[in-house]
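Down below is the structure, laid out as structure tokens.
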Amino acid sequence: MHAKDLTCKALGIALEEVEPGRAVLTMQVAGDMVNCHGIGHGGYVFLLADSAFAYACNSYGPVTVAQTAQVTFLQPVRPGDLLAAEAVERARQGRTGLYDVTVTRRDDGAVVAEFRGHSVTLSGNPFAAQPVPELESESESESVPER
């Protein structure tokens with residue numbers, strides 16, 4: 001799953017641990033991840049927590065996606081902070097699951113956010129039969145039809 005996760009790769013999110021119902025991911029807050037207040041944009045913290053949630057709920061094998069998620073931001077993060085998100089399964093019943101993710105700052109252990117996600121397991125692999133659409137090249141999109 002990590003090999004195909006282009007978002008995590010682009011943001012430098014590392015998968016440190018994964019086991020059934022649990023995952024730990026880390027991310028260093030980069031200078032271009034700040035908002036207008038000079039602190040880390042909450043969207044990146046949410047993305048890190050959501051990614052840990054995804055790895056934890058997909059650790060059993062079948063395709064599992066988020067049904068709903070919410071986050072509580074507790075402390076600001078700053079460029080250079082190394083964040084760790086630990087996702088832990090709280091309950092799994094039938095096709096649904098409940099996961100809590102704690103996001104901490106590695107240097108001082110401060111909890112910066114708490115995330116709760118509800119998952120749903122899909123039947124089969126609904127994405128396997130759907131090819132990823134290819135983007136047309138610039139030369140194709142800019143071509144002018146002949147007269």
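In this text the structure is predicted, and so the values were computed from the model without any measurement. FYI, the numbering just counts along the sequence from 1.
Pairing each heavy atom of A113 with each of V71, the nearest pair is CB-CG2, 4.1 Å. Heavy-atom minimum distance, Y99 versus E89: OH-OE1, 3.0 Å. Of all heavy-atom pairs spanning S59 and P20, the tightest one is OG-CA, 3.4 Å.
Here the straight-line distance linking atom OH of Y60 with atom OG1 of T121 works out to 10.0 Å at 0.5 Å rounding. Note that CZ of F46 and CZ of F73 are 7.5 Å apart. Values are rounded to the nearest 0.5 Å.
By the salt bridge (Lys or Arg N to Asp or Glu O under 4.0 Å) test, R95 pairs with no residue at all, sequence neighbours left out. Considering only residues two or more places apart in sequence or on other chains, A52 meets the side chain to side chain contact (heavy atoms under 4.5 Å, CB included) condition with L25, A85, A87, V101. With sequence neighbours excluded, the residues satisfying side chain to side chain contact (heavy atoms under 4.5 Å, CB included) with T72 are Q70, L74. Residues passing the salt bridge (Lys or Arg N to Asp or Glu O under 4.0 Å) test with D81, sequence neighbours excluded: R105.
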Check residues 5-16 and write down every donor-acceptor pair under 3.5 Å in which the side-chain atom is one partner and the other belongs to a residue at least two apart or another chain.
{"unit_1": "D5", "atom_1": "OD1", "unit_2": "T7", "atom_2": "N", "d": "3.4"}
{"unit_1": "D5", "atom_1": "OD1", "unit_2": "C8", "atom_2": "N", "d": "3.1"}
{"unit_1": "D5", "atom_1": "OD2", "unit_2": "Y55", "atom_2": "OH", "d": "2.9"}
{"unit_1": "K9", "atom_1": "NZ", "unit_2": "A3", "atom_2": "O", "d": "3.0"}
{"unit_1": "E16", "atom_1": "OE1", "unit_2": "R106", "atom_2": "NH2", "d": "2.9"}
{"unit_1": "E16", "atom_1": "OE2", "unit_2": "R106", "atom_2": "NH1", "d": "3.4"}

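By the criterion of side-chain heavy atoms lying less than 4.5 angstrom apart, applied directly or through intervening Ile, Leu, Val, Met, Phe, Trp or Tyr residues, V24 is not grouped with V112; the two fall into different hydrophobic clusters. Connection of V34 to V77 is not established within any shared hydrophobic cluster, with ILVMFWY side chains joined at heavy-atom distances below 4.5 Å, either directly or through further cluster members. I39 and F115 fall into different hydrophobic clusters, where Ile, Leu, Val, Met, Phe, Trp and Tyr residues are linked whenever their side-chain heavy atoms come under 4.5 Å apart, directly or through other members. In the hydrophobic cluster analysis, where Ile, Leu, Val, Met, Phe, Trp and Tyr join through side-chain heavy atoms closer than 4.5 angstrom, L82 is grouped apart from M27.
Checked by atom type and distance alone, the side chain of H41 pairs as donor or acceptor with a backbone atom of G43 at under 3.5 Å. A donor-acceptor pair is defined here as one N or O able to donate and one able to accept, closer than 3.5 Å; no such pair exists between the side chain of T64 and the backbone of N58.
In this structure the side chain of T96 never reaches within 4.5 angstrom of the side chain of H118, judged on heavy atoms. With contacts defined as side-chain heavy-atom distances shorter than 4.5 Å, the pair D100/V88 does not qualify.
Residue pairs meeting the side chain to side chain donor-acceptor pair (under 3.5 Å) criterion with at least one member in residues 19-28, sequence neighbours excluded, are E17-R22, R22-E86.
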